[in-house]
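Throughout, numbering of the chain's residues begins at 1 and tracks the sequence. Note that these values count all heavy atoms, side chains included, but never hydrogens, waters or copies made by symmetry.
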Amino acid sequence: MRWIKRGLIGLLVLVVAGVTAFLAIAPGHVERGRNAVVAHDPYPVSDAAQSLHDSLIVGDWHADSLLWKRSIEKRADRGHVDVPRLIEGGVALQVFAAVTKSPAGQNYEANSADAFDNITPLAIGQLWPPRTWGSLAERAIYQAERLHKVAAKMPDRLTVITARDELDAHLAARAAGSHAVGGLLGIEGAHALEGDMANLDRLEEAGHRIIGLQHFFDNELGGSLHGTRDMGLTEFGRAVVAEIEARGMVLDLAHASPAVAQDVLALTDMPVIVSHTGLHGFCPVTRNFEDDIMKAVAASGGVIGLGYWGDILCRNATPEAIAAMIVKAVDTVGADHVSLGSDFDGSVKTAFDTSKLSSLTHALLEAGLDTETIGKVMGGNMVRVLRARLN
């Protein structure tokens, strides 16, 4: 019997060791495949482009970096965003979006809200706190906590912005020579509210200020661009939109259905955003709102954040392709209403990571945009909307 007992103990040790090794290695392997950069020769960056880039306020409306099992405190050899690479890329403002649910088989055409959730096994496999395993609100709060912890460890390199005076102080510090990054928090889909307005209080307290209404599926607030029902805002959705407007938050229409977008624009007087998207007139795919909605977003005083991945470009992801889409967007909605919305670390393959953003400035110059317009697109328009919305 003793040898059987020893054998069982040995087997248990092997199982534990195997599981530990799997949990240590698997998340990084998954991310390496999900958040790749296309193979490319070095992109050109002229001295004039680099000088211009260094003078700009650069801001990005959307990155999912807090989802993955690595700290953004340190430079990583995978993914697209961390603090060292943000500083190297000259980024002043970065929105970190909390992904809380994502349906298996996600695609741009249709996804069921009841489909298997990809984020649950990721949360468990990455050893997130058990409170996050069954709660979407807790997942959003936990990701906010991760950003606050990094900022507390390196306050000279990262600060979390939740209010207009904090934004202005951060930008003043950068004008005086600081290279710190200003991080803002948001949720990718208000299913994280779990149908309970009290959770908006909790998310606001955690620092979330950019509120996306939908992700890849219909939810309690209304229809998704990729859902199964062509529906607008529900009564709960209307109530949430009213609270977002009243609380000085930024409302994000990325992934919302056209009907939801139209309902929001009819209900509110605030500038709204589409944080990460392409332009339908440049690339006519379901993922990109048709241009009439984009023009209505611009008419609200808002902006569209243009992304960097091939699916929304209808071509390979390169700085030149992104610049061509930006030029088309400027022609379509006006120079005051185009921003950057990379979708970095959002399970997309991109043209570059955030450290190489000056290659986009170079491509915009080569595409013929003037320096004033480039300054607006690279971050000036983002700052305007944040100042208009944050309390």
Side-chain angles (χ1 to χ4, degrees), residues 61-62 97 99 101-103 105-113 115 186-193 210-242 244-245 249-307 309 311-314 325 328-334 337-339 341 343 346 348 385:
W61 281 110
H62 195 92
V99 181
K101 182 179 177 181
S102 177
Q106 68 180 39
N107 60 75
Y108 293 157
E109 305 306 322
N111 301 274
S112 170
I187 56 172
E188 186 155 28
H191 45 273
L193 299 179
I210 292 86
I211 308 296
L213 300 183
Q214 277 80 33
H215 197 201
F216 271 93
F217 51 89
D218 305 327
N219 63 21
E220 299 95 338
L221 290 83
S224 165
L225 186 60
H226 328 283
T228 59
R229 295 174 292 171
D230 184 16
M231 58 185 290
L233 286 171
T234 64
E235 286 305 308
F236 181 64
R238 289 172 179 269
V240 171
V241 169
I244 291 170
E245 185 164 24
M249 293 174 158
V250 179
L251 191 149
D252 180 10
L253 290 174
H255 295 291
S257 71
V260 163
Q262 290 160 356
D263 284 349
V264 167
L265 291 163
L267 277 174
T268 70
D269 294 322
M270 63 179 164
V272 301
I273 70 168
V274 185
S275 65
H276 56 303
T277 185
L279 187 75
H280 198 273
F282 183 83
C283 177
V285 295
T286 304
R287 177 64 178 81
N288 301 335
F289 276 144
E290 294 203 10
D291 290 359
D292 60 340
I293 295 179
M294 295 302 200
K295 291 176 182 178
V297 168
S300 78
V303 295
I304 59 174
L306 296 178
W309 71 103
D311 291 341
I312 59 160
L313 291 162
C314 288
M325 180 169 63
K328 178 67 173 178
V330 168
D331 290 341
T332 302
V333 302
H337 306 290
V338 182
S339 283
D343 201 19
V348 293
V385 171

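Atom CD1 of I244 is separated from atom CE of M270 by 6.0 Å, given to the nearest 0.5 angstrom. Taking CD of E245 as the reference point, atom OG1 of T268 lies at 5.0 Å (rounded to 0.5 Å). The line from CG of N219 to CG of L193 is 8.5 Å long, rounded to the nearest 0.5 Å. The distance from atom CD1 of I304 to atom CD1 of I293, rounded to the nearest 0.5 Å, is 12.0 Å. Atom NE2 of H226 is separated from atom NE2 of H215 by 7.0 Å, given to the nearest 0.5 angstrom. To the nearest 0.5 angstrom, C314 atom SG is 7.0 Å from N288 atom CG.
No donor-acceptor distance shorter than 3.5 angstrom exists from the side chain of S224 to the backbone of A256, with no hydrogens or angles considered. Side-chain N or O atoms of K101 include none that pairs as donor or acceptor with a backbone N or O of G189 at under 3.5 Å. Side-chain atoms of N107 come within 3.5 Å of backbone atoms of G105 as a donor-acceptor pair (strictly under, hydrogens ignored). The backbone N or O of S275 sits less than 3.5 Å from a side-chain atom of D252, completing a donor-acceptor pair.
Taking the side-chain hydrogen bond (donor to acceptor under 3.5 Å, both in side chains) definition, one finds that E220 meets it with nothing, sequence neighbours left out. Residues satisfying the side-chain contact (heavy atoms from CB on, under 4.5 Å) test with K328, not counting sequence neighbours, are L279, F282, T332. Scored by the side-chain contact (heavy atoms from CB on, under 4.5 Å) test, A259 finds D230, S257 as partners (sequence neighbours excluded). With sequence neighbours excluded, no residue forms a side-chain hydrogen bond (donor to acceptor under 3.5 Å, both in side chains) with H337. Taking H276 as the reference, H62, H255 meet the ring pair (Phe, Tyr, Trp, His ring centres under 6.0 Å) condition, with sequence neighbours excluded. The salt bridge (Lys or Arg N to Asp or Glu O under 4.0 Å) search around R238 returns none, not counting sequence neighbours. The side-chain contact (heavy atoms from CB on, under 4.5 Å) check on L225 picks up P258, F289, with sequence neighbours excluded. Applying the salt bridge (Lys or Arg N to Asp or Glu O under 4.0 Å) criterion to D343, with sequence neighbours excluded, gives no partner residue. With sequence neighbours left out, S102 forms a side-chain hydrogen bond (donor to acceptor under 3.5 Å, both in side chains) with Q106. In terms of the side-chain hydrogen bond (donor to acceptor under 3.5 Å, both in side chains) criterion, residue partners of T286 (sequence neighbours excluded) are, by chain and number, E109.
Counting all heavy atoms, side chain and backbone alike, V385 lies closest to G302 at CG2-CA, 4.4 Å. Nearest heavy-atom pair across V274 and M294 is CG2-SD, 4.3 Å. W61 approaches G305 most closely through the heavy-atom pair CD1-CA, 4.4 Å. Residues L265 and A296 come closest through the heavy atom pair CD1-CB, 3.6 Å.
Screening residues 284-301 for salt bridge (Lys or Arg N to Asp or Glu O under 4.0 Å) gives no qualifying pairs among residues at least two apart or on separate chains. Sorted pairs that involve residues 262-286 and meet salt bridge (Lys or Arg N to Asp or Glu O under 4.0 Å), not counting sequence neighbours, are lacking altogether.
For the pair L251/L213, a side-chain contact is recorded, criterion being any heavy-atom separation below 4.5 Å from C-beta on. The shortest distance between side-chain heavy atoms of I273 and I210 falls below 4.5 Å.
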Please lay out, stage by stage, how N111 and T228 fare under the test side chain to side chain contact (heavy atoms under 4.5 Å, CB included). CA-CA 6 Å; N111 301 274; T228 59; over 6 Å; no

Show, in sequence, the C-alpha distance, side-chain angles and deciding distance for L233 and L267, and conclude whether the side chain to side chain contact (heavy atoms under 4.5 Å, CB included) test is met. CA-CA 10 Å; L233 286 171; L267 277 174; 3.6 Å; yes

Pair V333, V297 - check side chain to side chain contact (heavy atoms under 4.5 Å, CB included), show working. CA-CA 9 Å; V333 302; V297 168; over 6 Å; no

